[in-house]
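In what follows, every chain begins at residue 1, and chains take the letters A, B, ... in the order their sequences are listed.
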Number of protein chains: 2
Amino acid sequence: MGTTQLESVPEPKYWHLKTVLSEALDSEFAVGEILPNERDLAARFGVARATLRQALEQLELEGRLQRRRGVGTTVAPPRMGVAVGTEQHIWPGAAGDDWQPADSTLEVPPASVAGVLDTGADETVHLVRRSRVSHGQPVAAELLYVPASSVRDLSAIDAPAGAARARAVLRELQRLELEGRESAVELGSARADDAKQLDRLPGAPVLVVTTRYVAQGRTAALSVATYRADTCRLTFGDSGGVEIHEGPARQAS
Amino acid sequence: MGTTQLESVPEPKYWHLKTVLSEALDSEFAVGEILPNERDLAARFGVARATLRQALEQLELEGRLQRRRGVGTTVAPPRMGVAVGTEQHIWPGAAGDDWQPADSTLEVPPASVAGVLDTGADETVHLVRRSRVSHGQPVAAELLYVPASSVRDLSAIDAPAGAARARAVLRELQRLELEGRESAVELGSARADDAKQLDRLPGAPVLVVTTRYVAQGRTAALSVATYRADTCRLTFGDSGGVEIHEGPARQAS
DNA sequence: TAGTGGTCTAGACCACACG
DNA sequence: GTGTGGTCTAGACCACTAA
């Protein structure tokens with residue numbers, strides 16, 4: 001009878017740690033404040049650094065913390081709402097969107113993209129690269145695939161590459177009548193190039209938004225946009241202009 | 001001059017491992033197939049088990065693998081598309097949705113929810129719990145907050161709790177004219193109860209979809225739905241009935 | 001009971017930022 | 001340099017599943 005049943009369902013240490021830290025963040029820390037370093041925190045809680053890190057990872061995944069190598073761990077501001085589906089039936093590049101065209105080249109798209117575009121396997125398409133900045137922070141990187149058939153001939157255009165050419169492709173796209181649009185959101189991890197644009201390490205969690213633009217009964221363009229999952233809350237508004245609160249709901253019981 | 005510059009930018013081992021494994025999954029494994037166990041894999045690649053696990057974690061995050069304690073690691077099928085915003089202006093519980101009402105109780109909502117609902121801090125609301133099954137697998141758990149003011153008095157209803165009461169609340173909701181709807185998607189980690197419903201471990205990555213239903217100029221209901229991030233791709237369709245492909249785009253260069 | 005993935009430890013070294 | 005987070009190791013034990 002010497003055994004005292006302390007925990008019939010023992011909670012993992014990192015899980016308990018996460019809870020404790022989460023409450024501390026709510027009550028004892030301000031946004032932007034720097035936490036003690038990982039070695040000190042681990043010692044303070046009497047756990048190995050790896051265990052402490054497991055808790056920090058979860059909190060970072062939930063957007064509560066921000067960790068930067070060589071700097072430290074800071075308390076993250078609430079996620080920013082980023083409109084993804086508000087503007088009904090708008091082409092990418094339409095006036096007022098906050099995307100910044102970076103470049104455009106001709107590429108053979110990956111097979112999965114070619115399948116959606118109904119282009120041949122080796123057919124080149126315009127690949128427009130854009131980035132999105134919100135509140136002074138990079139939040140997304142986009143690859144926009146535009147089949148040559150969706151735009152007028154651009155081979156003789158004066159801008160061979162760069163932002164000017166990207167704008168030219170987008171401008172041509174506006175000439176088509178947009179009939180519809182479908183998006184899908186899924187979890188992914190940042191490729192090395194995206195990570196660099198987003199100021200994160202490769203493998204950082206991202207929300208991948210794939211949007212198919214439909215015109216003339218076919219897929220006129222395909223956008224693959226990679227959003228920082230730690231800082232962004234993607235908003236899809238269907239309502240008739242009702243205001244969106246900032247930071248509506250933290251997940252709670 | 002004895003130093004040979006093998007890698008100017010050395011790639012982390014787990015990152016390289018992930019790439020190798022990912023290619024092996026594409027070419028040498030079928031969906032559902034069981035991989036060698038972690039100790040064997042680690043030995044085969046000459047790394048510590050923790051490093052191997054870091055690679056597996058990423059692949060699981062991307063929906064390529066499924067790991068189950070006591071069973072093993074299997075190759076996951078492509079993510080299933082789950083419609084989240086297709087049906088325009090539909091109340092939850094309307095005919096044809098594939099949600100299954102589980103329960104309904106009266107609760108004091110968390111402050112963040114109360115704020116969106118414009119209810120008093122201590123005011124109780126109906127809390128309808130529902131779960132969503134797709135392709136025979138649980139994919140989402142929902143908490144639907146319905147202020148008493150959105151439905152007729154249910155205090156005298158014959159069903160004190162359970163699915164019957166949940167259906168009664170949803171039925172009452174249909175009586176209002178739905179004016180609009182806004183959704184937001186963000187990354188989260190599963191709470192213990194959600195994890196159980198979704199057949200995952202606590203902390204598993206989830207996509208949290210928060211939807212505000214607007215009627216009579218106010219927020220008539222608020223839904224917080226938790227989707228399995230590993231198995232689901234959330235689709236938001238704006239197009240006029242254009243078919244959605246299954247498995248459109250894997251992220252690629 | 002045997003085998004799996006999940007948790008945890010106590011170290012070590014590396015890449016990066018900043019003064 | 002100094003200090004930070006990021007990577008990696010070689011173990012150990014636990015919780016769960018299935019034979």
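- Out of D/dC8, C/dC8, C/dG6, the shortest distance to the side chain of B/K13 is found at D/dC8.
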Contacts under 3.5 angstrom, residues 42-52 of chain B side chains, donor-acceptor by atom type, not counting sequence neighbours:
from	atom 1	to	atom 2	distance (Å)
B/R49	NE	B/E38	OE1	3.0
B/R49	NH2	B/E38	OE1	3.0

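- Residue A/R67 has a polar side-chain atom (N or O) positioned under 4.0 Å from OP1 or OP2 of D/dG6.
- Between A/T73 and D/dT4 there is no side-chain polar atom (N or O) within less than 4.0 angstrom of OP1 or OP2.
- Between B/I34 atom CD1 and D/dA19 atom C1' there is a gap of 14 Å when expressed in whole angstrom units.
- Protein atom CG of B/L17 is 13 Å distant from nucleotide atom C1' of D/dT7, rounded to whole Å.
- B/R68 has no side-chain polar atom (N or O) that falls below the 4.0 Å cut-off from OP1 or OP2 of D/dC16.
- Backbone-only contact: A/L201 has heavy atoms under 4.0 Å from sugar-phosphate atoms and none from a base.
- In this entry the distance linking CZ of A/F45 with C1' of C/dT9 reads 18 Å, nearest Å.
- If you take CD of A/E11 and C1' of D/dC14, they are 16 Å apart, rounded to a whole angstrom.
- With hydrogens and angles disregarded, no donor-acceptor distance shorter than 3.5 Å links the side chain of B/R200 to the backbone of B/D194.
- Considering only residues two or more places apart in sequence or on other chains, B/R228 meets the salt bridge (Lys or Arg N to Asp or Glu O under 4.0 Å) condition with B/D230.
- With D/dG6, D/dT7, C/dG6 as the candidates, the nucleotide lying closest to the side chain of A/E38 is D/dG6.
- Between the CD atom of B/E57 and the C1' atom of D/dC8 there is a distance of 14 Å, given to the nearest Å.
- Residue A/T51 places at least one side-chain N or O closer than 4.0 Å to OP1 or OP2 of C/dT9.
- Within 6.0 Å of the CG atom in B/D199, the count of heavy atoms belonging to other residues, nucleotides or ligands does not exceed 12.
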Heavy-atom protein contacts under 4.0 Å, nucleotides 10-19 of chain C, coded B base, S sugar-phosphate only, - none: --BB-BBS--

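- Legend: residues meeting side-chain hydrogen bond (donor to acceptor under 3.5 Å, both in side chains) with A/T74, ordered by chain and number and at least two apart, are absent.
- Distance CG (A/L56) to C1' (C/dC8): 15 Å, rounded to an integer number of Å.
- Between A/N37 and D/dG3 there is no side-chain N or O to OP1 or OP2 distance below 4.0 Å.
- Applying the side chain to side chain contact (heavy atoms under 4.5 Å, CB included) test to B/E57 and every residue at least two apart in sequence or in another chain returns B/R53, B/R67.
- Distance CH2 (A/W15) to C1' (C/dG6): 14 Å, rounded to an integer number of Å.
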Name the atoms and distances for all side-chain donor-acceptor pairs under 3.5 Å in residues 27-34 of chain B, with sequence neighbours left out.
from	atom 1	to	atom 2	distance (Å)
B/S27	OG	B/E23	O	3.1
B/E33	OE1	B/A30	N	2.7

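- For A/L52 and C/dT9, the CG to P distance is 10 Å, given to the nearest whole Å.
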